[in-house]
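Contents: one structure, followed by commentary.
One-based numbering, in listed order, for ligands and for the atoms of each. Since the model is a prediction, treat every value here as computed from it, not as a measurement.
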Amino acid sequence: MAARPILWIVIPCYNEEAVLPITAPMFLQKIRDLRDAGKISDRSRVLFVNDGSRDKTWDIIRDLAKQDEHYIGICQSRNRGHQNAVLAGLMEAMDKCDITISIDCDGQDDINAMDKMVDEYLGGCEVVYGVRSKRETDTWFKRTTAEGFYKVMNALGAEVVFNHADYRLISARVLRHFADFEEVNIFLRGMIPLVGFKSTSVYYERAERIAGESHYPLRKMLALAFNGITSLSVKPINMISGLGVFFSLVGLGFAIWAIIEVILGNTVAGWASILCVICLLGGIQLLSLGVIGQYIGKTYMETKRRPRYIISERTWEDNARHWIEEE
Ligand code: UDP
Ligand code: MG
């Protein structure tokens, strides 16, 4: 029998008690189908990463793990956000499998695209990006903000695959190199392309969330976008320098004009124009300081080298405490 790769599907879950019981069997079925098609090994697994959920998510994962050996789970010690949850799962999987596919647990990303992903891997690709071909089921607002996000990201120098979220296949080999990227501020979809290796994209249609609510309100999306840009690019700092040069020149122009006015004797210059200039420059200075501050803040966080995730429990380990009995 030919050797077959072991696949781990990595699924971050945060307060997903409403969807997990529905989508978990779909993931298991996908593993079975791929195995029956002779593409992957039976030692493949569905790995849930509980991201410090406050509902019954972890209990559900533990029950699933008891039902079928293909289900396994790890639990983070607290909520750390989607990116860190995916990272925790990928790092856990890295040494135990040949390929990982990360996917959200809400059924929005088409599970059937996994077949094509695995085919591409068997064809020699090490990274396969899942790309949304349509977003018709997303609301107009979500679609526009999300697509705008990719455009702004690329314009600001953070290379990301358009309309690709965190649904992707990564080989264990690429992950082992990725593990050397030790930064704390992580933005996976911008970082994975930096590792290199042969990659490709497969296209799928994004469906509606099966149940529960999105955990990515506008506030979190903006935070993710900002984090992505400042983690991957120093272009904003360059732009600020450019703005600084531009407004210095404008200021010089104003100064020359003022001197000419004085020489001509028109000394009663309007205070309004001065006020405008002051306000404009004040605004730009504050903005610039803010952006530079963001980078300094990031440097500060990076220098701490805090762990990016902490796993408190695993479904396949005995988590009991060992009290040693004394006489
Ligand atoms: N998620 C997570 N930690 C968080 C927020 C979200 O692990 O702090 C998971 C969530 O369970 C889901 C995925 O990340 O599997 C994507 O979240 P969601 O579906 O809410 O985002 P959207 O698809 O609306 O962008
Ligand atoms: Mg979703």
### Query
What part of Asp104, side chain from CB on, backbone N/CA/C/O, both or neither, has a heavy atom under 4.0 Å from ligand 1?
both
### Query
In the protein, which heavy atom is nearest to atom 20 (O) of ligand 1, and how far is it?
His215 N, 2.5 Å
### Task
Check each of Gly89, Cys105, Pro12 against atom 7 (O) of ligand 1 and report the one with the nearest heavy atom.
Pro12
### Summary
atom 17 (O) of ligand 1 sits nearest the protein heavy atom Tyr216 CD1, 4.0 Å
### atom 24 (O) of ligand 1 [closest protein heavy-atom partner, distance rounded to 0.1 Å]
Ser214 OG, 2.6 Å
### Task
Distance to 0.1 Å, residue and atom name: give those for the protein heavy atom nearest to atom 3 (N) of ligand 1.
Asp51 OD2, 2.6 Å
### Query
Where is the nearest protein heavy atom to atom 8 (O) of ligand 1: which residue, which atom, and how far?
Asn79 ND2, 3.2 Å
### Query
Going by heavy atoms in the side chains, are Met191 and Glu183 under 4.5 Å from each other?
yes
### Identity and separation of the nearest protein heavy atom to atom 18 (P) of ligand 1
Arg209 NH2, 3.4 Å
### Message
Quick one: does any side-chain atom of Asn50 pair with a main-chain N or O of Ser53 as donor and acceptor, under 3.5 Å?
### Response
yes
### Message
On a heavy-atom basis, which atom in Ile311 and which in Glu92 lie closest, and how many Å separate them?
### Response
CD1-OE1, 3.2 Å
### Query
Hey, which N, O or S atom on Asp106 ends up closest to the Mg ion (ligand 2)?
OD2
### Task
Would you name the heavy atoms of Val49 and Gln76 that are closest together and state the gap between them?
CG1-CG, 4.1 Å
### Message
Could you work out, for atom 10 (C) of ligand 1, the closest of Gln83, Glu16, His82, Lys220 by heavy-atom distance?
### Response
Glu16
### Task
With the side chain counted from C-beta on, respond yes when Ile60 and Glu16 share a heavy-atom pair under 4.5 Å apart, and no when they do not.
no
### Query
Which one of Lys116, Lys198, Glu120, Met114 satisfies the side chain to side chain contact (heavy atoms under 4.5 Å, CB included) criterion with Val128?
Glu120
### Message
Quick test: of every protein heavy atom, which one is nearest to atom 1 (N) of ligand 1, and how far off is it to 0.1 Å?
### Response
Tyr14 CB, 3.7 Å
### Query
What closest approach, in Å, do Asn84 and Tyr309 show between heavy atoms, and which atom pair accounts for it?
O-CB, 4.3 Å
## Note on the structure
Looking only at protein heavy atoms, what sits closest to atom 25 (O) of ligand 1 is Lys142 NZ, 3.1 Å
### Message
We want to know whether Arg189 and Tyr129 form a side-chain donor-acceptor pair, criterion being a heavy-atom distance below 3.5 angstrom.
### Response
no
#### Entry: Test side chain to side chain contact (heavy atoms under 4.5 Å, CB included) applied to Val118 and Leu34, step by step
CA-CA 9 Å; Val118 173; Leu34 284 167; 4.2 Å; yes
### Query
With backbone taken as N, CA, C and O and side chain as the heavy atoms from C-beta onward, which portion of Gln108 lies under 4.0 Å from ligand 1: side chain, backbone, both, or neither?
side chain
